[in-house]
Amino acid sequence: MSPNSNSGGLTLNGLERQVVSRMKSGSNRYFVVVLIFGLLMLAGSIAGLMATVGGHHVYYNVNRELAWGVLISTYVYFVVTSTGLCLVSSIGHIFGVESFMPLAKRAVFLAIVTLCAGFFVICAEIKVPIRMMLYNIISPNLTSNIWWMGTLYGVALAVMILEFIFLYTNKVKLAVICGFTAAVGEIAANSNLAGVFGLLNGRDFWHGAFLPIFFIGSAVMTGAAALIFFHVLAYRVNHEIMDDPMLRAMQGCRKVAILGICIVSFFTIWRMVSLVAGEPSGAYLGAMAMIKGSYAFSFWVFEIGFALVLPLILYIRSQGTNLRMMLVASTLMIIGLFFMRYNMVIVGQAIPVYYSLGVNGSKELIKYFPSYLEILVTLGGFGLTGFLFLLGEKVFGGHKMDAHH
Amino acid sequence: MKKSASICIGILFVSFLSLAGLALGEDHGGDIHYSAPVVGVLFSHAVHVDENGFDCESCHDGLFEYEALAAQNQPDFNMKSLYEGKYCGACHDGDTAFASDTRCTLCHEGVKGYNRALGITTADATHHE
Amino acid sequence: MKKQLLDLDKSHNEGVENISAEERRNFLKMGLTLTGVFASGTLFSLVGSAQKVFASDAAFVEKYPYKPHYSMMVHVDRCIDCERCKKACAMTNDVPDYGFRTNILEREVPNAIGVKTEFIPVLCNHCNLSQCTRVCPTKATYKNPSNGIVMMDTTKCIGCLSCQMACPYNARYFHEEKMAVDKCSFCWESRLSKGEKLTACAEACPAGARIFGDLSNPKDQVYKKVHQIEKTVWVLRPEAGTKPNVFYTRG
């Protein structure tokens, strides 16, 4: 499907003809869905702009004590997905596992898209984004996990775009180098993202060396599920049947997803047990809220049910051949993971910092629920993901890997 | 007819007043919340009259006016005066009752206690469960 | 390695057992580089806070060479929640009514014998090992190297609010008009740099609950109170490990 396969060389006309014909091949339903995602993206952008100009204290429900709301948890969700996509697909073209190789192009594309969605959401969360562009570069603080995370994700984005170009222009060796660099950058950035939360001594619920390890484990789980989800959907969008190499890739992803679920389940169980058994001040309050308090529904139904237990059962039962069951499992996981990030970010802050002093106003969890604009920006992030994914399917002709790759 | 009517009204009026008095709780001044020179000092008639059995003249015979909060209009209503034996310091000298420079928050309910007592809510309270 | 174009159709998998020792070593080195890079960010973040840390709480004060080393001693039993300190602070430092630089916490113990309520003034502790300065991505907040005050450079603040997350003491809030995070600065710009000796809150307190002083001067009140062992002196949330410069005592 490379541009120079039709005519003798690479011509702009030839390229344009090909892209236009692909775009025209979309059904009406396809264009409606693309339009919906585009509108969501637009709504999210307007909401974010309104809030940045008008003031977060007016339009968002975050406050002094609970300063990071659904926008931060959505950002975490998208960038961890990006890391997962990058990691799982690197099993193919970096570590050389044959069965994962057909995933390369779409995985890199999606890693770029989800990273962009993350940046989209975070722009509406940072209160003064203009200063960030300038001072992150001229006044960096090397002890800051946030600085490392932002810088490394930015570098990873640039490198992945290069990798994508190299993959499409068949410069395999350069693509592998870029892929390796991007994978390293993504892992480092993800660890620092976890470090933003895990290195804070003042927040009992988050503090601990386990958090970076947990993030990488859940990134792997997320990436595998996202790969299955997007690939099965992509083949439906393009009205194609998966060929054998792609089916083997799906089976490989399924195994990685099962492994990831097992690791994350192990972490989650032991974490909850340690918080309840030792009753560490503050963190215990958060744990009980998740087990039988105000976050219990979100925890048991979404984080445990949707993200861990149900997908595990469905993946195992699908035996790697029932694509529909694997799609359902992946969809459940993608929904559940959103709430997993939300629970982590919100409950960690809902515990008042002065809880251990026993003073008035610090004895119970701080309440939070996203405002309309926050929800709109979150939906905008999903809109961007869907919009770019669907467009990418047509423009890049199904991200097919060449026969001899 | 008019005489009995006015007697009826008179009885009703007196009953109403006594009921009001009963509703106020007891025959003393209730809780007094001072807001000057600092906000939030509580004087509880219930503690002094009901629990400790003081009668009105114990304090309202030169130490304090019957009129509530009259003392805070005086320029010398401060802790120094208390240490010299004026106002509360007449008893709260360490012998009759605890000294005025101890157990501060028994009387000093602060801005928070004052707002709670008077039902004032502040806008900047964070939402808690 | 000789560069040549790979013809992937004609190449075949030689098998893992046929890889030379040199190729294995190179692969391992690559793996170590990978580990090093992704750990480096986290390590750098820790290195900043791994200053010379001393175990003894009494000794650490002497190890930080600030002159003057501003700090505050709070007498918890003297605070009566008149909140004159809050008003003075707001007036002196342009604090909006939706925020506060200093606060009074109320602890009620209904079953206590004697006094049942305690008021605890809290403010920025200007920690020696401050978490806020460690996490700020643009160095918008930093510890002044000469007097130990944790300061804000409002031009660089991007409003990420990491410092609010990192602070164990709820000392920070976002100032909408300045478009930057704001917090207690021990009245540096408004008073100390202009020759005043006390912060606005310390001066306004009618009960002597806030004693502002200098830990580098052995004749200072706060120095003397911190360096004795008869009366208990504590800091809030010592488990957060930030080595605060605001101390609490009774009596």
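This is a predicted model, so every value here is computed, not measured. FYI, side chains are in, hydrogens and waters are out, and symmetry mates aren't considered; it's all heavy atoms of this structure. Chain A is the first sequence line, chain B the second, and so forth, proteins listed ahead of strands; every chain is numbered from 1.
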(message) I want to check something: taking the side chain as every heavy atom from C-beta on, are C:E118 and B:C104 in contact at a cut-off of under 4.5 Å?
(response) no

(request) Could you check if a side-chain atom of B:K112 sits within less than 4.5 angstrom of a side-chain atom of C:I104, using non-hydrogen atoms only? (result) yes

(message) Would you say that more than 12 heavy atoms from the other residues, nucleotides or ligands in this model lie under 6.0 Å from the CD of B:Q72, or not?
(response) yes

(message) Heavy-atom count check: over 12 atoms from other residues, nucleotides or ligands less than 6.0 Å from B:E67 CD?
(response) no

(request) Taking all non-hydrogen atoms of both residues into account, name the closest pair between C:T117 and B:T105 and its distance. (result) O-OG1, 2.6 Å

(message) Show the nearest heavy-atom pair for residues B:E109 and C:D81, with the distance to one decimal.
(response) O-OD2, 4.2 Å

(request) For B:E65, look at atom CD and say whether over 12 heavy atoms of other residues, nucleotides or ligands are found less than 6.0 Å away. (result) no

(message) Counting only heavy atoms not in C:K197 (residues, nucleotides, ligands), do more than 12 fall under 6.0 Å from its NZ?
(response) no

(request) Measure the shortest side-chain to side-chain distance between B:V39 and C:C82 over non-hydrogen atoms and say whether it is less than 4.5 angstrom. (result) no

(request) Measure the CE-CD1 distance between B:M79 and C:I80 for me, rounded to the nearest 0.5 Å. (result) 8.0 Å

(request) Specify the closest pair of heavy atoms between B:V38 and C:R84, including all atoms of both residues, with the distance to one decimal. (result) CG1-NH2, 3.7 Å

(message) Check this for me: B:L118, atom CG, are more than 12 non-hydrogen atoms of other residues, nucleotides or ligands nearer than 6.0 Å?
(response) yes

(message) Closer than 4.0 angstrom, basic N to acidic O: yes or no for B:R116 and C:E106?
(response) yes

